[in-house]
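Take a look at this one; I'll ask things after.
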Amino acid sequence: MSKPRLEVKLRRNDEYPAITGFLDKVGFSYVLHRPTGKGHPFIRIRLPGGGDLDHYINSTPKANGNPRAALGKLRRALRAVGYDIGL
């Protein structure tokens with residue numbers, strides 16, 4: 001699947017805009033990556049102190065998903081690598 005098709009597919013999922021909006025709000029840069037093999041696409045987040053965090057996201061377009069749970073998962077992942085974002 002090409003990157004533009006992947007982005008179109010993910011825009012229909014409520015979780016992707018919630019995650020990218022949160023990352024924009026806190027000022028973390030990120031890049032969307034296609035799935036490797038038979039997995040889910042992921043967002044590679046550039047951490048301010050150097051290094052990257054790969055955060056996998058659901059790619060089901062029609063299922064609205066659960067943005068609140070997706071943001072909670074992202075916050076926990078960031079906390080695990082030393083970035084406690086209290087938003």
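All heavy atoms count here, side chains included; hydrogens, waters and symmetry mates do not.
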Original post:
Does Arg34 count as lying over the ring of Phe42, i.e. NZ or CZ under 6.0 Å from the six-ring centre, within 45 degrees of the axis?
Top reply: no
Subject >> Closest heavy-atom pair and its distance - Gly49, Tyr83 >> reply: N-OH, 2.9 Å
Subject >> Option passing side-chain contact (heavy atoms from CB on, under 4.5 Å) with Tyr30 (candidates Asp52, Asp24, Ile19, Leu53) >> reply: Asp24
Original post:
Counting only N and O atoms by type, is there a donor-acceptor contact under 3.5 Å from the side chain of Glu15 to the main-chain atoms of Asn66?
Top reply: yes
Subject >> Member of Leu74, Asn13, Leu32 meeting the side-chain contact (heavy atoms from CB on, under 4.5 Å) criterion with Ile57 >> reply: Leu32
**OP:** Report yes if the side chains of Phe22 and Phe28 come closer than 4.5 Å at any heavy-atom pair, otherwise no.
**Re:** no
Original post:
Which residues satisfy the side-chain hydrogen bond (donor to acceptor under 3.5 Å, both in side chains) test with Arg68, sequence neighbours excluded?
Top reply: none
Original post:
Is it true that a side-chain atom of Tyr56 and a backbone atom of Ile43 form a donor plus acceptor pair closer than 3.5 Å?
Top reply: no
Subject >> Sub-4.5 Å side-chain heavy-atom contact between Pro41 and Tyr16 >> reply: no
**OP:** Please name the pair of heavy atoms, one in His55 and one in Ala77, separated by the smallest distance, quoted to 0.1 Å.
**Re:** ND1-CB, 4.5 Å
**OP:** Indicate the atoms forming the closest heavy-atom contact of Ala18 with Pro67, along with that distance.
**Re:** CB-CB, 3.8 Å
Original post:
Measuring from Asp54:CG to Ile45:CD1, what's the distance to the nearest 0.5 Å?
Top reply: 8.5 Å
Original post:
Under a 4.5 Å cut-off applied to non-hydrogen side-chain atoms, are Leu71 and Lys73 in contact?
Top reply: no
